[in-house]
J.: 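Mind having a look at this structure? Questions to follow.
In each ligand, atom 1 is the first atom listed, and ligand 1 is the first ligand listed.
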Amino acid sequence: MNNTNLVQRDLAVLWHPCTQMQDHEWLPLIPIRRGEGIWLEDYDGKRYLDAVSSWWVNLFGHANPRINAAIKAQLDNLEHVILAGFSHAPVIELSERLIQLTPQGLNKVFYADNGSAGVEVALKMSCHYWRNLGKPNKTKFVTLSNSYHGETLGALAVGDVSLYKDIYHPLLMTTITAPSPDCYWREPGETCKDYSLRRLADLEAILAAQTETISAIIVEPLVQCAGGMRMYHPSYLTGLRKLCDKYQVLMIADEIAVGFGRTGTLFACEQAQISPDFMCLSKGLTGGYLPLCAVVTTEQIYQAFYAEYATQLAFLHSHSYTGNPLACQAALATLDIFAQDNIIESNKVLAQVMAEATAPLKDHPHVAEVRQTGMILAIEMVQDKAKRIPYPWQERRGLRVYQHALENGVLLRPLGNVIYFMPPYIITSEQIRWITDIAILGIEKATHN
Ligand SMILES: *Cc1c(COP(=O)(O)O)cnc(C)c1O
């Protein structure tokens with residue numbers, strides 16, 4: 001088996017995610033034979049450094065020996081069991097540990113089998129909560145502009161990335177969009193904090209006017225990842241929590257991408273010192289091994305559903321692979337690595353290296369901004385730096401960076417014209433400097449004419 005042969009077979013039978021398949025007439029599809037640590041190796045033996053953690057899921061490298069061992073041990077005991085009426089030690093232990101690690105007040109865990117499905121759980125639960133409390137009109141959701149919460153219809157409806165959403169508009173429930181606190185749009189001289197707080201005032205106006213019909217607000221804490229790694233100030237979240245309490249609206253923190261150390265703390269909400277009513281966790285939860293989503297919520301929400309069966313207050317939602325034991329073991333092994341290796345501390349050094357390595361790009365004539373929150377670093381390529389005019393999307397300049405990086409053995413997958421690093425935490429300082437050099441050359445090429 002080699003690349004050419006596999007690509008032919010692949011294109012005959014597969015339809016890939018988030019892809020215009022015709023691109024593969026000229027853009028090579030890359031079949032991967034094995035992964036080891038930060039490296040992926042294709043069937044021709046070429047290696048690629050996985051600088052985007054395979055779509056933001058991988059934390060401690062591919063084929064990590066400790067996670068592998070945990071899954072292998074589980075495999076001989078129990079691969080899966082129905083979670084309704086039955087339970088098992090891995091799911092119990094994982095729930096205990098998540099409750100311990102997540103902000104105070106979050107103490108019940110419901111499982112889904114991917115991020116979007118977990119978002120649907122939080123949406124349904126929040127609306128159902130108000131119904132159980134005798135407020136059936138609180139059914140609407142507030143979302144932030146430029147947010148992303150997944151691709152299933154409910155999750156898509158509460159997102160706001162037009163590229164993914166517009167076509168499906170007729171299928172989606174109506175939501176209320178509040179302006180994002182995204183600091184990219186701050187005025188010259190305005191601090192990120194001031195800008196984010198200004199947007200909070202817009203949100204308050206919405207909540208004040210429509211509190212009777214609003215169920216919850218859903219946010220990606222600190223970084224709007226799919227929306228181009230746009231970042232905002234923690235004070236927005238602190239203020240949001242207060243507004244939610246004031247106007248009786250539930251707060252859903254979608255930490256699917258930002259959770260597990262990505263923003264510099266284990267969870268992004270910690271930086272705002274808040275507890276949401278729901279926290280959705282997926283992606284890094286299993287170290288990038290298996291699909292799993294944990295929706296962590298409060299005793300107060302749980303109790304609103306807890307009653308005699310005939311009251312019909314129960315949350316009758318299920319997914320076949322809810323709480324899969326293999327996925328739970330991968331998650332437990334991942335949490336062990338965080339604890340044993342003091343990852344949050346060691347990431348601070350890596351984040352500093354990323355900042356220093358990319359600093360020269362700030363002066364690049366086609367880079368509007370180099371921004372960073374913890375282990376996420378993004379470089380925004382633009383046509384006009386002073387006016388922040390983007391390149392026409394048809395030019396696909398980010399794709400040129402992608403191609404340049406691949407030729408040089410790095411997997412960078414820009415979001416439009418935003419080049420970003422979101423590496424596994426096992427990356428070394430030398431590797432950070434190396435991928436930065438490649439990104440800089442790629443940006444040179446992509447902005448050359
Ligand atoms: C990826 C993502 C999702 C969706 O998760 P899937 O497992 O891809 O369905 C939801 N919210 C955020 C913030 C994400 O980044």
J.: List, ordered by chain and residue number, the protein residues whose closest non-hydrogen atom lies under 4.0 Å from any atom of ligand 1.
T.: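 Correct list: W56, N114, G115, S116, Y148, H149, G150, E220, D254, I256, A257, K283.
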J.: Below 4.5 Å, heavy atoms only, C-beta onward: do Y48 and E41 meet side chain to side chain?
T.: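 Side-chain contact under 4.5 Å: no.
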J.: Please confirm whether the ring centroid of Y425 lies under 6.0 Å from the ring centroid of F260.
T.: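 Judged by ring-centre distance (under 6.0 Å), Y425 and F260 do not meet the cut-off.
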J.: Are H317 and F315, when compared by the centres of their aromatic rings, separated by less than 6.0 Å?
T.: yes
J.: When you measure from the centre of the six-membered ring of Y184, is the NZ or CZ of R388 closer than 6.0 Å and no more than 45° off the axis?
T.: yes
J.: I want to know whether Y391 and H366 have ring centres closer than 6.0 Å.
T.: yes
J.: Is C280 close enough to C293 that their SG atoms are under 2.5 Å apart?
T.: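 Answer is no, sulfur atoms not closer than 2.5 Å.
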